[in-house]
Chemist: 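This structure is in structure tokens; I'll ask about it shortly.
Just so it is clear: chains get the letters A, B, ... in the order the sequence lines come, proteins before strands, and each one is counted from 1.
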Number of protein chains: 2
Amino acid sequence: MSTKSEIIRLGDALVKEKGFNGFSFSDISKKLGIKNASVHYYFPAKSNLGVAIIDDELERLHDAIAEVKDKQPDEQLKKFLSIYVGIKGENNICIVGSFASDLSTLDDDMAAHLKTLVTEILNWVTSILAEGLRIGTFKFETEPRTKALLIITNMLASLQLTRLTEPGDFETIHNTIIKELKP
Amino acid sequence: MSTKSEIIRLGDALVKEKGFNGFSFSDISKKLGIKNASVHYYFPAKSNLGVAIIDDELERLHDAIAEVKDKQPDEQLKKFLSIYVGIKGENNICIVGSFASDLSTLDDDMAAHLKTLVTEILNWVTSILAEGLRIGTFKFETEPRTKALLIITNMLASLQLTRLTEPGDFETIHNTIIKELKP
DNA sequence: GTCTATATTCCGATAGAC
DNA sequence: GTCTATCGGAATATAGAC
């Protein structure tokens, strides 16, 4: 893997672990065994790295969407939820929640890319739910977009909150979301 | 108001706006028209201020609970939800989501106090929902504690997320939560 | 209780050699 | 592309005068 992509990968992990304002270029250069200046060679400003991290997440989102695009809505939703299960397994929070929490400290460039990421996630989940509703895989009363907002906020905040509540709470939330969609 | 309580109030607002790692003692001293060292007189370390901010929020939670303790469950829930409506009006995020996002960067003292705050919020909402279910004010299928987790995560993350989605999304989530509880 | 002054450390960032 | 060296600034924190 190239140094640049390793920096992005490490930065991504650090955003999920400590938040964008909670890590420094030194955290990355130390773990990578290179010098601070070398990180600046790839990303002149920290905000450039922030944008790259968000864009990388967007690419992986597109991969996930493509991977299950011909499958049934319940399989697609399972794929979406599995992203959060993976993050929970690392005891981290999701990148959107981390960046969104610090929104007012991010520059316009980062905020714009973050908005794109959020929009695409919301559109994907909305379309999964709409199709599931149409063919009877799912049952719910609200607009698909509203249901998508509810499910996304459940998952996003459960990563943040269940590190402070009882063990198993994340799994309970996860299972309840799936159960309540069943016809 | 005393200087000490003004510092806590300003710190509280800054956590909601910028996150605990996104503001400094200078932000407070400048706004208060005093010097940095004066803030340190009241709170030797930043973590001491963090604990005070959390404890102050816990007190206000107790006030809110006491204020509506003899009212009907739907009124109590409305009071709970109104906390988030107020924060949304300031375009901020809630203190629990802000601190919980940065959990791994907080010291043990702050983490312990934060856990207490989260536990008490969860217990309150659980008891509101359980009582509402018992007397028929609310209708839902899960355990009251699970439903409380779902509602809290909806509200917490909607503050973070709806600054990046369409106007009105927060209100939609808010209204849907209330609607879906109706028998 | 608030101030001046200062110590220390860290951070983001850049210039220029190799 | 990575390094050394360094800058300017900001952050947390403390000592001691008033």
Side-chain angles (χ1 to χ4, degrees), chain A residues 1-54 56 98-99 101-111 113-114, chain B residues 1-54 56 98-99 101-111 113-114:
Chain A
M1 204 192 309
S2 72
T3 303
K4 185 170 185 175
S5 61
E6 288 225 59
I7 292 170
I8 294 173
R9 207 199 84 241
L10 274 172
D12 181 272
L14 283 163
V15 170
K16 288 171 178 164
E17 188 199 336
K18 300 179 161 193
F20 189 68
N21 295 321
F23 81 92
S24 69
F25 274 37
S26 295
D27 292 322
I28 292 175
S29 56
K30 276 176 196 162
K31 285 193 188 179
L32 226 57
I34 59 176
K35 295 296 161 182
N36 221 306
S38 301
V39 182
H40 276 284
Y41 167 77
Y42 295 100
F43 304 101
K46 195 179 180 185
S47 142
N48 300 128
L49 174 58
V51 168
I53 291 169
I54 295 167
D56 188 63
S98 179
F99 277 125
S101 291
D102 296 333
L103 184 63
S104 75
T105 70
L106 309 180
D107 70 10
D108 292 347
D109 206 15
M110 284 185 64
H113 284 251
L114 181 61
Chain B
M1 205 192 308
S2 73
T3 303
K4 184 170 185 175
S5 60
E6 289 223 60
I7 293 170
I8 295 173
R9 208 199 83 242
L10 275 171
D12 181 273
L14 284 163
V15 170
K16 288 170 179 164
E17 188 198 336
K18 300 180 160 191
F20 190 67
N21 295 322
F23 80 93
S24 70
F25 273 38
S26 295
D27 292 321
I28 293 175
S29 57
K30 277 175 196 160
K31 284 193 189 179
L32 226 57
I34 59 175
K35 294 295 160 181
N36 221 305
S38 301
V39 182
H40 277 284
Y41 167 77
Y42 295 100
F43 304 102
K46 195 179 180 185
S47 141
N48 301 128
L49 174 57
V51 168
I53 291 169
I54 295 167
D56 188 63
S98 180
F99 278 126
S101 292
D102 296 333
L103 184 63
S104 75
T105 70
L106 309 180
D107 70 9
D108 293 347
D109 206 15
M110 283 186 64
H113 284 251
L114 181 61

Chemist: Restricting to ring-ring contact (aromatic ring centres under 6.0 Å, His included), what partner residues turn up for A:Phe25, sequence neighbours left out?
Modeler: A:His40
Chemist: Do B:Phe20 and B:Thr105 have side chains that approach each other closer than 4.5 Å (heavy atoms only, starting at C-beta)?
Modeler: no
Chemist: Can you list the steps and then say if A:Ile28 with A:Leu49 is a side-chain contact (heavy atoms from CB on, under 4.5 Å)?
Modeler: CA-CA 11 Å; A:Ile28 292 175; A:Leu49 174 58; 3.6 Å; yes
Chemist: Under a 4.0 Å heavy-atom cut-off, which of residues 35-48 of chain A touch DNA chain D?
Modeler: A:Lys35, A:Ala37, A:Ser38, A:Tyr41, A:Tyr42
Chemist: For C:dG1, does OP1 or OP2 lie under 4.0 Å from any side-chain N or O of B:Thr3?
Modeler: no
Chemist: For A:Tyr42, what residues pass the side chain to side chain contact (heavy atoms under 4.5 Å, CB included) criterion, not counting sequence neighbours?
Modeler: A:Thr3, A:Lys4, A:Ile7
Chemist: In whole angstrom, what separates B:Ile7's CD1 from D:dT12's C1'?
Modeler: 15 Å
Chemist: Does A:Ser98 have any side chain to side chain contact (heavy atoms under 4.5 Å, CB included) partners at least two apart in sequence or in another chain, and if so, which?
Modeler: A:Val15, A:Ile93
Chemist: Let me know the distance between NZ of A:Lys18 and C1' of C:dC11, rounded to the nearest Å.
Modeler: 13 Å
Chemist: Can you measure A:Ile34 atom CD1 to D:dT4 atom C1' for me and round it to whole angstrom units?
Modeler: 15 Å
Chemist: Just do the side-chain contact (heavy atoms from CB on, under 4.5 Å) check on B:Val39 and B:Leu32 with the steps written out, would you?
Modeler: CA-CA 10 Å; B:Val39 182; B:Leu32 226 57; 5.8 Å; no
Chemist: Does any part of the side chain of B:Phe23, heavy atoms only, come nearer than 4.5 Å to the side chain of B:Lys46, both counted from C-beta?
Modeler: yes
Chemist: Provide the full list of salt bridge (charged side-chain N to carboxylate O under 4.0 Å, His left out) pairs with a residue in residues 13-28 of chain B, sequence neighbours left out, each pair given once.
Modeler: B:Asp12-B:Lys16, B:Lys16-B:Glu57
Chemist: With the threshold set at under 4.0 Å for non-hydrogen atoms, list the residues of residues 20-29 of chain B touching DNA chain D in residue-number order.
Modeler: B:Phe23, B:Ser24, B:Phe25, B:Ser26
